[in-house]
Amino acid sequence: MSTFAGSNSDILKLQPKLIVHGGAWNIPAAYEQDHLHGVQTAVSEVYPQLLAGASALDAVEAAVRILEEDPTFDAGRGAFLNEAGQVELDAMIMDGATLQVGAVAALQNVLHPVSVARRVMEKTEHCLLVAEGALRFAKSMGFEELAPEELLTARELKFFEEIKNQEGFKTHHPFLNAPSDTVGAVALDCFGNLAAATSTGGTARKMVGRVGDSPIPGAGAYADNALGAVSATGWGESIMRVLLSKTVCDLFENNEAMEAARMGIEHLAQKVQGFGGIIGISAKGHYAFSHNTPKMAFCFADPDGSTNAFIKCPR
Ligand code: GLY
């Protein structure tokens, strides 16, 4: 793992790492710049905090909050609508140092589900709260309950109108041609701790109460300091069937980081004909990313803080 000497020479600090994604799907050319700008903003705002000593958990929460706020993405504001025309949000956060995890699913009217997930992890004895119970908990923690329209965008309303009565519509079809997707972040802090977080509005026209991979530990994200940390994006029903994030973390143990990412996506495609993408950081501190969708928006930081943003994996 790359290292640098901190100001206190007794403490060997690690070089922090940060990678974020803004969804794996067929991002139309007209939306590419917004996606690149969104992921780059998250990294350029949060990486300096990691350099200054922020924890990996704080970093992934902060990065995902930026992406939830950005209407470009299917998370927080700008999320897909379910079959009833409502926004229902899923999110999780995981601490690689302790394997503690917090998650929420089918949460309505809250802008930052990732922060509610973190409170679930830190303030309850549970890992996952859903729907009305998740909202009640969020309000008890001081989160503002927004009017439903505040998370809606004109783009998503228009898209919903286009697909709501479409014959033969399947919820995974929009991954090949839709306006947005899931977000996530993975960080390694200068104390050697890893964390991962994922947040989503799920799939367009999903059934009311449908929960995807994002809030399921091992599926939508996973973090273990001994292995690595991963956040996934893509077709949730396929990702959860192969526990994609945990699978890639396990593959980190005996493979180069990029090879582990490639093998995980190949496993998703071969086992369940799934599609999606992952970002990660191995326990050795190496970045990993791969997808089998036409595109995936992602960005990672170099040690000097410069950002590397991509709309698909460089070949
Ligand atoms: N990967 C997001 C979802 O399927 O819900």
Side-chain angles (χ1 to χ4, degrees), residues 20-27 35 39 64 67-68 72-76 78-84 86-94 103-108 113-114 117 128 130-131 134 151 156 159-160 163 169-186 196-222 230-248 264-265 267-269 272-280 289-298:
V20 311
H21 71 74
W25 54 291
N26 192 15
I27 301 165
H35 278 72
V39 293
V64 168
L67 297 165
E68 288 174 336
T72 302
F73 303 105
D74 174 27
F80 282 144
L81 306 187
N82 66 15
E83 62 181 359
Q86 303 159 334
V87 169
E88 286 188 326
L89 302 168
D90 301 340
M92 74 165 277
I93 189 165
M94 185 160 181
V104 290
L107 173 64
Q108 292 191 305
V114 71
L128 171 60
V130 306
L151 297 180
E156 291 305 328
F159 184 58
F160 181 67
I163 63 169
F169 177 86
K170 298 280 181 213
T171 55
H172 64 276
H173 289 165
F175 285 103
L176 303 177
N177 190 20
S180 59
D181 196 27
T182 300
V183 305
V186 176
T198 304
S199 182
T200 189
T203 48
R205 220 180 104 177
K206 65 187 179 181
M207 291 176 71
V208 172
R210 177 266 189 189
V211 175
D213 60 302
S214 303
I216 308 298
Y222 199 74
V230 166
S231 169
T233 165
W235 179 20
E237 279 74 8
S238 63
I239 291 169
M240 67 170 91
R241 286 159 68 200
V242 296
L243 291 176
L244 182 60
S245 294
K246 175 67 160 78
T247 297
V248 175
I265 294 297
H267 182 70
L268 174 73
V272 293
Q273 291 72 56
F275 45 86
I278 66 105
I279 56 165
F289 41 85
S290 185
H291 58 100
N292 65 351
T293 47
K295 298 176 191 170
M296 176 171 77
F298 66 102

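Note that ligands are numbered from 1 as they come in the structure, with each ligand's atoms numbered from 1 the same way.
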Which one of E237, E88, R210 has a non-hydrogen atom at the shortest distance from atom 5 (O) of ligand 1? R210

Under 3.5 Å donor-acceptor, S199 side chain and V64 backbone: no

Go through ligand 1 atom by atom and flag the ones less than 4.0 Å from a non-hydrogen atom of [X].
| X | result |
| --- | --- |
| T182 | 1 (N), 2 (C) |
| S214 | 1 (N), 2 (C) |
| D213 | 1 (N), 2 (C), 3 (C), 4 (O), 5 (O) |
| G234 | 1 (N), 2 (C), 3 (C), 4 (O) |

One should read off an interatomic distance between N26 CG and D181 CG, to the nearest 0.5 angstrom, of 11.5 Å

Considering both backbone and side-chain atoms of [X], is one of its nitrogen or oxygen atoms within less than 3.5 Å of a nitrogen or oxygen in ligand 1?
| X | result |
| --- | --- |
| G202 | no |
| W235 | no |
| G212 | no |

Set out, in order, the CA-CA distance, both residues' side-chain angles and the distance that settles side-chain contact (heavy atoms from CB on, under 4.5 Å) for L244 and I278, then state yes or no. CA-CA 8 Å; L244 182 60; I278 66 105; 3.4 Å; yes

Using a strict cut-off of less than 4.0 Å between a Lys/Arg side-chain nitrogen and an Asp/Glu carboxylate oxygen, indicate whether E237 and R210 qualify as a salt bridge. yes

Answer whether the closest heavy-atom distance between the side chains of V183 and V114 falls below 4.5 Å. no

Write down the atom of A117, the atom of M92, and the distance for their closest heavy-atom approach. CB-CA, 4.1 Å

